[in-house]
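Following: one structure in structure tokens, then a few remarks.
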Amino acid sequence: MTQELHIVGGGMAGSEAAWQAAHMGINVVIHEMRPKVETFAHQTGNLGEMVCSNSFRSDDDEQNAVGLLHWEMRAANGLIMATAEEHRLPAGGALAVDRDPFAETVTAKLKALPNVRVSYDEITELPAEGHWIFATGPLTSPALGEAIQQETGAERLAFFDAIAPIIYAESIDMSKAWMQSRYDKGETEEERTAYLNCPMDKDQYEAFIDALLAADKTEFHEGETAGYFDGCLPIEVMAERGRETLRHGPMKPVGLTNPHQPEIKAHAVVQLRRDNALGTLFNIVGFQTKMKYGAQADVFRMIPGLENASFARLGGIHRNTFLNSPTLLDHEMRLKSKPNIRFAGQVTGVEGYVESAAMGLLAGRLAAAEILGQEVPQVPQDSAMGALIHHITGGAEAKTFQPMNVNFGLFRPVDGLKGGRRGRKDRYKAYTDRAKAAWQDWLNTF
């Protein structure tokens with residue numbers, strides 16, 4: 001048992017942790033409760049299933065922190081990034097994937113490893129013995145959540161996460177919509193036309209906002225509070241913050257020209273991104289929602305081009321659980337009160353597929369090194385991985401801790417570079433150059 005690593009949860013973090021540990025020679029058991037125990041958001045029992053967006057966001061490793069994280073994961077033989085590349089879809093400068101084949105391939109690759117086995121059971125307690133990684137994600141089961149709460153002696157932190165709807169492409173009116181990435185971004189024609197755009201004039205936008213504000217919403221149960229992560233706000237919440245909020249967020253009209261009316265500047269634009277390789281499904285970008293199903297269909301059909309939209313999946317909202325990691329975890333993501341247990345992924349307070357997988361990568365490597373008796377230096381803070389793990393395990397303010405995406409604000413300054421917007425390009429390039437060198441040096445210790 002001491003030479004075996006148990007990983008609870010087969011999402012992005014658990015899958016990546018298992019892959020990394022297995023390639024270091026460790027026997028791995030993945031405990032995944034699906035499909036026996038279902039969740040609100042998951043549709044299958046596949047490992048690495050994508051339940052919200054199908055995008056890993058920017059793939060720019062010189063000017064974007066999440067793109068840098070992509071680079072670091074690829075340098076570490078990451079499963080998630082390699083599989084994403086195999087099932088990549090056009091998405092401008094972003095890395096989007098065909099979600100179902102992606103998860104099927106992640107599952108097949110892990111099951112093909114001779115030292116990995118998958119056990120479809122629900123773990124409801126924190127074991128006192130053995131080596132464990134808990135990567136149960138935002139939908140940690142109630143029983144396990146209760147066990148974590150009892151062990152930590154702290155109230156679970158929670159916020160509410162929303163899912164965007166998916167529409168059948170054949171139901172979109174292309175006499176009103178058009179294909180174009182913002183600012184024509186992308187190296188190929190396919191990339192430059194990766195997004196489907198639906199324009200609104202001022203009157204249509206105002207009517208849409210009125211409908212959003214008036215629509216029936218999901219009500220919360222007694223004792224629940226609607227604490228949202230800003231990176232995944234329901235559109236109704238954004239609209240409540242001001243009528244122009246959406247027009248300066250997911251509905252911003254900049255960088256786009258309507259070929260049907262090239263002389264008219266749209267007041268707002270709704271973008272949809274291809275959700276599968278066949279191009280038969282599109283998800284509405286940034287349109288996470290807590291509207292009830294009937295209201296969603298009525299409101300979204302107000303969007304020009306979507307008047308006859310047929311929905312493959314409507315949006316929804318669910319509780320999302322995470323730890324107060326700065327107080328509970330050490331610098332290697334071990335639970336201070338039970339150091340045989342590590343946590344990884346969104347439950348640690350990182351937000352997003354990439355960040356979750358990255359923390360799984362670190363947890364898998366660190367756990368394997370510990371089992372093998374290897375001394376590993378601390379993850380370098382100047383890498384994207386290091387900046388993120390440092391934030392969640394001590395760099396963040398515990399009293400106000402909330403889920404965090406990777407961003408350059410987490411990086412230590414580079415001496416001699418000017419601040420402000422004008423110096424941003426040189427500053428970001430300096431961050432990424434420094435990070436790549438630090439990360440490669442750390443990988444060389446294995």
Side-chain angles (χ1 to χ4, degrees), residues 1-34 45-48 73 76-80 82-83 106-137 140-141 144 147-148 151 323 325 328-348 350 356-379 385 389 392-393 442-443 445-446:
M1 177 130 181
T2 58
Q3 296 303 310
E4 193 168 56
L5 176 61
H6 294 262
I7 298 174
V8 184
M12 296 292 171
S15 296
E16 189 66 66
W19 180 263
Q20 296 291 328
H23 278 81
M24 288 177 65
I26 301 299
N27 292 326
V28 177
V29 182
I30 301 172
H31 300 268
E32 173 51 60
M33 67 181 187
R34 297 178 292 115
N46 286 328
L47 305 176
M73 294 171 70
N77 183 36
L79 168 67
I80 297 302
T83 309
V106 168
T107 305
K109 286 182 176 181
L110 284 168
K111 288 186 173 181
L113 294 177
N115 55 338
V116 173
R117 64 182 176 92
V118 182
S119 176
Y120 292 98
D121 55 346
E122 180 183 5
I123 302 296
T124 59
E125 297 179 349
L126 298 180
E129 298 180 343
H131 299 276
W132 292 77
I133 295 174
F134 280 77
T136 48
T140 298
S141 70
L144 180 56
I148 293 171
E151 174 60 33
L323 298 171
S325 295
L328 299 175
L329 303 183
D330 70 10
H331 69 280
E332 289 196 6
M333 295 186 285
R334 290 176 294 218
L335 190 60
K336 292 176 182 178
S337 62
K338 280 185 181 288
N340 68 307
I341 291 173
R342 280 179 168 82
F343 282 87
Q346 279 191 253
V347 73
T348 65
V350 297
S356 297
M359 294 302 97
L361 186 152
L362 287 180
R365 282 184 169 249
L366 293 171
E370 184 175 356
I371 292 171
L372 295 170
Q374 298 176 355
E375 289 289 334
V376 178
Q378 195 163 330
V379 182
M385 296 270 189
I389 192 175
I392 65 172
T393 61
W442 189 77
L443 289 178
T445 64
F446 287 89

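Just so it is clear, the structure is predicted and the values come from calculations on it, not from any experiment.
- When side chains are defined from C-beta on, Val106 counts as touching Leu79, because their heavy atoms get closer than 4.5 Å.
- Atoms CE and CE, from Met359 and Met385 in turn, are 6.0 Å apart once rounded to the nearest 0.5 Å.
- Counting non-hydrogen atoms of other residues, nucleotides and ligands closer than 6.0 Å to CD of Gln374 gives a total above 12.
- Tested against Leu366, the residues Arg342, Gln378, Arg334 include a single side-chain contact (heavy atoms from CB on, under 4.5 Å) partner, Arg342.
- Considering only heavy atoms from C-beta on, Leu113 stays 4.5 Å or farther from Val28 through its side chain.
- When all heavy atoms of Ser15 and Gly10 are compared, the pair lying nearest together is OG-O, 3.2 Å.
- Considering CD1 of Ile26 and CD of Glu4, their distance stands at 10.0 Å, rounded to 0.5 Å.
- Between the side chain of Asn115 and the backbone N or O of Ala22, at least one donor-acceptor pair lies under 3.5 Å.
- Judged by distance alone, with hydrogens and angles left aside, the side-chain atoms of Ser119 form no donor-acceptor pair with the main-chain N or O of His31 at under 3.5 Å.
- Between the side chain of Trp19 and the backbone N or O of Asn77, at least one donor-acceptor pair lies under 3.5 Å.
- Although no hydrogens or angles enter the test, the distance criterion places no donor-acceptor pair under 3.5 Å between the side chain of Asp330 and the main chain of Lys336.
- At distances below 3.5 Å, at least one donor-acceptor pair connects side-chain atoms of Asn340 with backbone N or O atoms of Pro127.
- The closest side-chain heavy-atom distance from Ile371 to Gln3 is below 4.5 Å.
- To the nearest 0.5 angstrom, Ser337 atom OG is 7.5 Å from Leu328 atom CG.
- Contact between Ala344 and Ile133 at its shortest, heavy atoms only, is CB-CG2, 3.9 Å.
- Ring planes of Phe343 and Phe134: tilted class, angle from 30 to 60°.
- Side chain of Gln20 to backbone of Ala76: a donor-acceptor contact under 3.5 angstrom is found.
- When all heavy atoms of Met12 and Ser356 are compared, the pair lying nearest together is CB-CB, 4.5 Å.
- Here CD1 of Ile123 is found 8.5 Å from CG of Leu144. Values are rounded to the nearest 0.5 Å.
- Put simply, the side chain of Ser325 never gets that close to the backbone of Thr393: no donor and acceptor are under 3.5 Å apart.
- Scanning all heavy atoms of the two residues, the minimum distance from Ala147 to Leu126 falls at O-CD1, 4.1 Å.
- Counting only heavy atoms from C-beta outward, the side chains of Leu443 and Arg365 approach each other to under 4.5 Å.
- The one candidate from Leu362, Ile80, Leu110 that meets the side-chain contact (heavy atoms from CB on, under 4.5 Å) condition with Glu16 is Ile80.
- Taking the side chain as every heavy atom from C-beta outward, Asn27 and Leu5 never approach each other to under 4.5 Å.
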